[in-house]
Amino acid sequence: MATTTIQVPRETRDHLAELAGERGMSIGQLVGALAAEQPTAAQRAERLAADREAVRRMMGVGIRDEEFEQAPDVLGNIYKIAAEKVRAAKGTAA
């Protein structure tokens with residue numbers, strides 16, 4: 001794997017080195033892990049499209065993107081409902 005150099009202020013490098021050391025990894029591995037945790041705008045858009053398609057399939061209803069936009073937290077509410085159902089099935093309090 002090819003590597004490259006990233007120039008950062010010394011204080012930032014020292015902070016990254018301390019964080020990496022605490023995790024038992026190199027600065028390069030830490031930066032790679034941090035970058036992997038942060039999806040790009042294109043990846044977020046792809047995930048949103050996939051989530052919307054999954055909702056359409058599961059509900060059996062053709063909800064247009066414009067309709068999703070009118071209710072921007074619809075996926076959050078779906079996840080909340082699903083979590084409540086899982087808790088109920090396990091017999092735990094919400």
For residues 44-63, which side-chain N or O atoms pair as donor and acceptor with protein atoms under 3.5 Å away, sequence neighbours left out?
residue: R44; atom: NH1; partner: P39; partner atom: O; Å: 2.7
residue: R47; atom: NE; partner: D51; partner atom: OD1; Å: 2.9
residue: R47; atom: NE; partner: D51; partner atom: OD2; Å: 3.1
residue: D51; atom: OD2; partner: Y79; partner atom: OH; Å: 3.3
residue: R52; atom: NH1; partner: D65; partner atom: OD1; Å: 3.4
residue: R52; atom: NH1; partner: E69; partner atom: OE2; Å: 3.2
residue: R52; atom: NH2; partner: E69; partner atom: OE2; Å: 2.6
residue: R56; atom: NE; partner: I63; partner atom: O; Å: 2.5
residue: R56; atom: NH2; partner: I63; partner atom: O; Å: 2.9
residue: R56; atom: NH2; partner: D65; partner atom: OD1; Å: 2.6

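Contact check for E22 versus L19: side-chain heavy atoms found under the 4.5 Å cut-off.
Note that the CD1 atom of I27 and the CG atom of L34 stand 11.5 Å from one another [nearest 0.5 Å]. Atom CG of residue L16 and atom CD1 of residue I6 lie 9.0 Å apart, to the nearest 0.5 angstrom.
Residues meeting the side chain to side chain contact (heavy atoms under 4.5 Å, CB included) test with T3, sequence neighbours left out: none.
With hydrophobic clusters built from ILVMFWY side chains whose heavy atoms lie under 4.5 angstrom apart, V31 does not share a cluster with V8.
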